[in-house]
Amino acid sequence: MAVWIAFVFGLVSIWQVGCKTEDKYDDYALIKIYPTRTQQVEALRRLEDPEHRLEFLKKSRSFNDSTDVLVPPDEIPYVENFIKTQYLDYDLKPNYGRLLESAERTPKRRILRGFSVFEYHSFQAIQEYIENMSKRHPDLVTLQNLGTSYQGRRMKLVKISSDPDAGNPIIFIDAGIHAREWVAPAMAVYLVHRLVNDPEARQELDGVDWYILPVVNPDGYEYTRTSRAHRLWRKTRSKNNLLNCFGVDGNRNYGFKWAVSGVSSNPCDTETYAGPKPFSEVETQMVRNIMMENSKRLKLYVSLHSYGQYLVYPWGYTGDFLPKEWKKLDNLARSVSDAVQKAGGKPFRVLSAGKWYPAAGGSDDFAYGVIGVPYSYTMELTDGYEFIYPERLLRIVLPQFYEGFRTFAEQIKTEFSPKYAGQRLRMTREEIS
Ligand code: 0X9
Ligand code: ZN
């Protein structure tokens, strides 16, 4: 009898532990704080003390944007009190975790319906989709094997070109270095879809080659799909040898000004751990290799992230100064933002990443500072709903963002394509005469 009671108790406690983790965020509050003065922005830094176990979903250094913090239930009174003493404006969404999407989410009807680019998919489904594209359009799409992720997922680069031997400039887009930012891989997949299937996209393929890596961090991405408690995971899933902690922030792991600002050196930090050394992660090594192998032709790099509707350019490691050619970066970003707005979307906030908040080891800085890519950006897609961007809205926003990519392509084509060299020469002659 005693054995049975112990067994039942054992089962109940295992079940409770299971539930506790699954429900982890259920009673957390999302607090959106709106600073209006420099002093308030500075004061917000004090909330970052690890003792309070707050998770910063978005930081803001400017006044027309919120700092979004996920707060455990027992810390809510502390944060509210802090906010009041600083005279800050804020919104509080209680029980935030209950809004998170639940677990492995591929209902059978989806399988029957086939692949829609306006849905969130598993890594495997995305891989099957790109395989399919390359089989159906071998004249346009080729896949390059990149090797495997930390947990052994096979990664492939999608290359789309209507004239692979022309020596065209390359636009390289990656997405999903941050696991929870689901809208970014969805955008990358949508780009593949439009470039391949839309007859009008021939214009975007004229004189430009597109390289797209839809999910840089597949292990993290799949982890966010396994349970509601994991939905907000950001890092990779590599294991730290000394501590029982997992993951590195891939966007702090690139080898340019590594770890000089905006990082954590604690492997158990869930957000911004920069890793034990630059390029410690196999996934960032793959992106680095793509950039190095194509450095001569690579003219535009865009890393897709979410959220906040920002389009930012180097430097990211510092907000103290800008690159010499910052005006070119800024002008193109503004044209892209205008195009998105014209298509009915929200404009982007355009500035250097470091003026937003300094953080070193990002892929954008590496592309610009080491590889010499003349146009390099991080694009933070969508505003509202934080990382849980509703699937039903994808069919509205993805085509709007696509218009921004058409503007990017137009610029790269006219500035760098061998096809347009004659036209460029004529224009400079006219300028001189
Ligand atoms: O902090 C990041 O890595 C990016 N924002 S996110 O909310 N998606 O995590 C911004 C990166 C901007 N670029 C650099 N700081 N280099
Ligand atoms: Zn991100």
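In each ligand, atom 1 is the first atom listed, and ligand 1 is the first ligand listed.
Lys239 NZ: more than 12 foreign heavy atoms inside a 6.0 Å radius. Environment of NZ in Lys93: crowded, with over 12 heavy atoms of neighbouring residues, nucleotides or ligands closer than 6.0 Å.
Remark: ligand 1 and Glu181 share an N or O pair separated by less than 3.5 Å (distance only, no angle test). In terms of polar-atom proximity, defined here as any N/O pair under 3.5 Å, Tyr317 makes no such contact with ligand 1. Residue contacts with ligand 1: Arg252 is placed with a nitrogen or oxygen under 3.5 Å of a nitrogen or oxygen of the ligand (distance criterion only).
The existence of a salt bridge linking Glu131 and Lys156 is confirmed by a sub-4.0 Å separation between a basic side-chain nitrogen and an acidic carboxylate oxygen. Under a 4.0 Å N-O distance rule, the pair Asp23/Arg98 does not qualify as a salt bridge.
At least one N/O/S atom of Glu181, whether from backbone or side chain, sits less than 2.8 Å from the Zn ion (ligand 2).
The shell of residues lying under 4.0 angstrom from ligand 1, judged by heavy atoms, includes Arg234. Not a single heavy atom of Pro314 sits under 4.0 Å from any atom of ligand 1. Ligand 1 lies less than 4.0 angstrom from a heavy atom belonging to Tyr357.
The option from Ala359, Gly319, Gly262, Gly361 that lies nearest to atom 15 (N) of ligand 1, judged by heavy atoms, is Ala359. Among Asp249, Asn251, Asp68, the residue whose heavy atom lies closest to atom 11 (C) of ligand 1 is Asn251.
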Chi angles and distances behind the side chain to side chain donor-acceptor pair (under 3.5 Å) call for Tyr377, Asp364 = CA-CA 6 Å; Tyr377 299 93; Asp364 46 6; over 6 Å; no
Verify side chain to side chain donor-acceptor pair (under 3.5 Å) between Tyr25 and Asn95, making sure each step is shown before the conclusion.
-> CA-CA 7 Å; Tyr25 291 108; Asn95 305 323; over 6 Å; no
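Side-chain rings of Phe246 and Tyr223 stay apart, their centers remaining 6.0 Å or farther from each other.
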